[in-house]
Number of protein chains: 2
Amino acid sequence: MTNRALYALILAGGSGTRLWPYSRRRHPKQLLPLLGDRSLLQATVDRLEPMVRPDHVLVLTSTDYVDAVRAQLPRVPAQQVVAEPEALGTAAAVGLGVALVAARDPGAVMAVLPADHVITPPAAFLGNLVQAAELAADGWLVTFGIRPTAPETGYGYISLGEALVGHAAGFRVAEFVEKPGPATAAEYVAGGKHLWNSGMFVWRADVMHAEIGRHLPALAERVDELAALAAAGPDAFAAGLGAVWAGIAVRTTIDYGVMERSDRAVCLPAEFAWSDVGSWAAVADALATVPGDPAANVLVGPHVVAVDTRGSLVLARGGRLVATVGVDDLVVVDTADALLVCRRDRAQDVRQVVAHLVDDALTEYL
Amino acid sequence: MTNRALYALILAGGSGTRLWPYSRRRHPKQLLPLLGDRSLLQATVDRLEPMVRPDHVLVLTSTDYVDAVRAQLPRVPAQQVVAEPEALGTAAAVGLGVALVAARDPGAVMAVLPADHVITPPAAFLGNLVQAAELAADGWLVTFGIRPTAPETGYGYISLGEALVGHAAGFRVAEFVEKPGPATAAEYVAGGKHLWNSGMFVWRADVMHAEIGRHLPALAERVDELAALAAAGPDAFAAGLGAVWAGIAVRTTIDYGVMERSDRAVCLPAEFAWSDVGSWAAVADALATVPGDPAANVLVGPHVVAVDTRGSLVLARGGRLVATVGVDDLVVVDTADALLVCRRDRAQDVRQVVAHLVDDALTEYL
């Protein structure tokens with residue numbers, strides 16, 4: 001790392017049910033461990049530890065989770081775990097983070113990282129982060145691009161432009177492409193010029209502040225107010241946040257609101273393996289101990305007995321014994337009060353189960 | 001029923017683990033319900049209720065289960081639930097039952113019935129029982145034969161001989177055939193002259209007593225001693241059973257020890273549907289609400305959400321919610337401390353799981 005003090009803005013407000021029954025409304029994905037005993041949020045902060053001091057970590061979450069986040073991150077000062085009064089999209093969240101960093105060090109480089117991604121190995125991530133911070137220090141808005149491994153239609157893609165002169169690793173962004181159709185996605189994978197948009201960014205706070213001013217001026221006024229509140233101290237900030245937040249009319253993503261419109265956007269191809277673990281199939285892929293071996297199982301739990309079982313994920317952190325016999329390509333997720341058994345390639349349809357629970361007023365299981 | 005007072009000897013000593021994790025060493029199959037709230041043992045006694053008075057029901061079980069059996073059958077006098085000091089095979093068990101019945105009514109007809117079979121509908125069973133009791137009153141040893149629905153190699157078969165004159169429903173037994181190979185079993189099913197040996201019998205106590213004397217004379221001496229003990233009253237019986245039992249050297253089944261050797265053996269083809277529910281696949285077949293429909297699921301539990309699920313059994317009596325998505329021909333058995341997920345046609349391999357538990361000293365799950 002350079003001598004510049006890096007900040008990190010961790011986005012930890014998600015509340016999805018795609019990993020039901022493990023993730024719940026009260027226990028969202030980012031607060032849960034998959035392997036080991038550290039939650040995805042904790043792993044995200046752990047991963048940054050060699051480069052980002054705990055008092056340079058900012059976490060945005062919802063009011064429902066703020067206490068749990070503070071409990072999970074005891075080394076991060078409590079006032080740096082901020083509850084957004086209402087989720088307004090990542091543009092507003094980034095604006096808030098920019099304000100908080102700018103109040104302390106306007107020229108600081110900050111990384112923006114979702115709290116619920118799986119990234120390995122840490123060293124490759126740190127190496128990329130060093131490169132990104134150098135690009136950011138020069139005024140670029142850096143987004144990490146992930147080399148696609150499949151024609152996913154659920155992700156945004158980044159079309160790579162020219163390589164940056166003097167920065168071997170970076171490319172200008174030719175275009176951000178929203179979720180493409182299957183044929184287009186297949187072309188992207190084959191062509192090698194399109195990367196997945198990971199939703200992870202690195203930029204200088206003052207540069208992003210100025211870009212918000214250029215592309216989202218209404219939001220920029222609120223960011224100025226938030227920066228003034230932050231400069232007035234934690235109590236003033238806590239007292240004033242709600243009123244400023246209520247005045248934000250911009251409800252968009254930072255990708256759409258700023259990155260697509262800016263001529264400073266660059267993409268750094270990631271050297272690390274990445275997953276948003278957005279479905280049980282993605283979890284199975286991300287945790288595979290033998291990458292690329294479709295017969296490999298991922299068995300998590302104190303007692304898992306797998307007899308003639310292939311390509312399956314068993315997540316049994318509740319302590320019960322789980323036995324599988326003669327099954328292939330299955331996802332078994334065992335929790336204290338609910339169990340899921342799902343064909344791996346049908347993981348997207350877990351939402352149908354959740355819809356059933358809503359329809360049948362079985363809200364205790366949501 | 002005729003004016004003769006029918007007795008029933010219920011064999012309730014089994015301790016198998018083929019229905020693991022639902023059945024355990026401490027909670028064997030016969031003491032558990034599958035559907036509804038009555039255990040298989042209770043259902044066995046319930047089914048007899050129109051024809052057998054509770055004080056004519058005798059239950060043999062093991063010392064481990066005698067208290068549970070008495071608790072499940074409050075209307076059966078406690079001294080008629082007898083713990084065999086050691087399991088010696090069905091010949092000794094039948095000898096004990098014959099002694100107990102003979103001490104009260106030597107000429108009485110008695111049915112011998114395993115406690116862990118599923119039989120439907122009850123009326124068809126009762127109708128067959130009336131026919132069997134009439135044959136037994138005439139001195140025949142009656143065994144119920146089950147029309148085979150598949151070339152099972154795990155059952156004994158009965159080769160039917162001539163129809164009994166004057167008893168349209170009964171046949172002489174030409175031969176008892178031990179577990180045949182697949183080709184032979186297929187011939188049996190196609191030929192229509194072989195029935196499964198259900199292990200359910202009806203005979204007069206004095207006739208079986210005499211047949212034991214003819215074919216198993218060493219056992220017959222012990223049966224005489226047991227009958228004398230039983231005639232001396234419950235206390236004398238309880239005090240003396242152990243010593244007599246220890247003197248029994250015969251360890252065989254009643255099928256092999258007596259039925260195969262007797263010229264009084266007849267077979268009554270069952271009009272009822274029968275299953276020994278000896279595997280999860282058999283349970284799924286026995287409980288199928290739409291017989292013959294391979295897409296039909298059997299879903300047992302307070303909250304089972306089955307999305308695009310076919311041919312599967314979900315047994316979730318523990319109260320937890322179970323959701324399945326996109327799975328076919330699966331068995332899911334959920335209990336308080338252990339879970340099984342098994343392909344339906346691999347149900348026999350549940351024993352491999354049990355072997356793992358033994359090997360790994362996970363005896364709490366056995």
Side-chain angles (χ1 to χ4, degrees), chain A residues 17 20-21 279-281 301-310 312-316 318-366, chain B residues 17 20-21 279-281 301-310 312-316 318-366:
Chain A
T17 51
W20 184 92
S279 71
W280 285 117
H303 297 305
V304 180
V305 178
V307 175
D308 196 11
T309 296
R310 284 176 295 276
S312 295
L313 166 67
V314 177
L315 187 71
R320 303 193 320 145
L321 185 143
V322 176
T324 59
V325 178
V327 298
D328 296 346
D329 303 320
L330 213 60
V331 171
V332 177
V333 181
D334 186 49
T335 72
D337 64 344
L339 165 71
L340 172 70
V341 180
C342 178
R343 219 170 67 196
R344 186 168 173 163
D345 62 0
R346 295 291 301 277
Q348 299 297 338
D349 293 320
V350 169
R351 62 187 161 201
Q352 290 190 42
V353 175
V354 173
H356 267 283
L357 301 182
V358 172
D359 290 348
D360 293 352
L362 294 170
T363 47
E364 67 197 278
Y365 297 107
L366 288 174
Chain B
T17 52
W20 185 92
S279 71
W280 284 118
H303 297 304
V304 179
V305 178
V307 174
D308 196 9
T309 296
R310 283 175 297 274
S312 295
L313 166 67
V314 177
L315 186 71
R320 302 192 322 144
L321 185 142
V322 176
T324 60
V325 178
V327 299
D328 296 347
D329 303 320
L330 213 60
V331 171
V332 178
V333 181
D334 186 48
T335 72
D337 63 344
L339 165 70
L340 171 71
V341 179
C342 178
R343 218 171 68 196
R344 186 169 174 161
D345 62 1
R346 296 291 303 276
Q348 299 297 337
D349 294 321
V350 169
R351 61 187 164 203
Q352 291 190 43
V353 175
V354 173
H356 267 283
L357 301 181
V358 172
D359 290 349
D360 293 352
L362 295 169
T363 49
E364 67 197 278
Y365 298 107
L366 289 174

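The chains referred to below are lettered A, B, ... by the order of the sequence lines, with proteins before strands, and numbering in each begins at 1. Bear in mind that the values here come from a model prediction, so they are computed numbers and not experimental data.
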Enquirer: Quick one: what part of B:V305 sits under 4.5 Å from any heavy atom of chain A, side chain, backbone, both or neither?
Expert: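 The answer is the side chain of B:V305.
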Enquirer: At under 4.5 Å between heavy atoms, what parts of residues 358-366 of chain B are in contact with chain A? List them by residue number.
Expert: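 Answer by number: B:L362, B:Y365.
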Enquirer: With respect to chain B, which residue among A:V314, A:T309, A:V325 yields the maximal number of heavy-atom pairs within a distance under 4.5 Å?
Expert: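 Of A:V314, A:T309, A:V325, A:V325 has the most heavy-atom pairs under 4.5 Å with chain B.
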Enquirer: By salt bridge (charged side-chain N to carboxylate O under 4.0 Å, His left out), which residues pair with A:D308, not counting sequence neighbours?
Expert: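 If we apply the salt bridge (charged side-chain N to carboxylate O under 4.0 Å, His left out) test to A:D308, skipping adjacent residues, the hits are A:R310, B:R346.
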Enquirer: Output the option from B:L340, B:D345, B:L357 having the highest count of non-hydrogen pairs under 4.5 Å with chain A.
Expert: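 Sorted descending by pairs with chain A, the first entry is B:L340.
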Enquirer: Quick check: do A:L330 and B:L330 have side-chain heavy atoms less than 4.5 Å from each other?
Expert: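 Of all side-chain heavy-atom pairs linking B:L330 with A:L330, at least one is under 4.5 Å.
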Enquirer: Are there residues of residues 331-339 of chain A whose heavy atoms fall under 4.5 Å of chain B's heavy atoms? If so, which?
Expert: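 Under the 4.5 Å heavy-atom cut-off, A:V332, A:D334, A:T335, A:A336, A:D337, A:A338, A:L339 qualify.
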Enquirer: Minimum heavy-atom separation for A:V353 and B:A323, please, with both atom names.
Expert: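 That would be CG1-CB, 3.6 Å.
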Enquirer: Can you tell me how far CG of A:D328 sits from CZ of B:R343, rounded to the nearest 0.5 angstrom?
Expert: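 Between atom CZ of B:R343 and atom CG of A:D328 there are 6.5 Å.
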Enquirer: Could you look at A:V322 and say if it's the side chain, the backbone, both or neither that has a heavy atom under 4.5 Å from chain B?
Expert: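 Contact with chain B involves both backbone and side-chain atoms of A:V322.
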Enquirer: Who passes side chain to side chain contact (heavy atoms under 4.5 Å, CB included) against B:A347, sequence neighbours left out?
Expert: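 For B:A347 the side chain to side chain contact (heavy atoms under 4.5 Å, CB included) partners, ignoring immediate neighbours, are B:S279, B:W280, B:A281.
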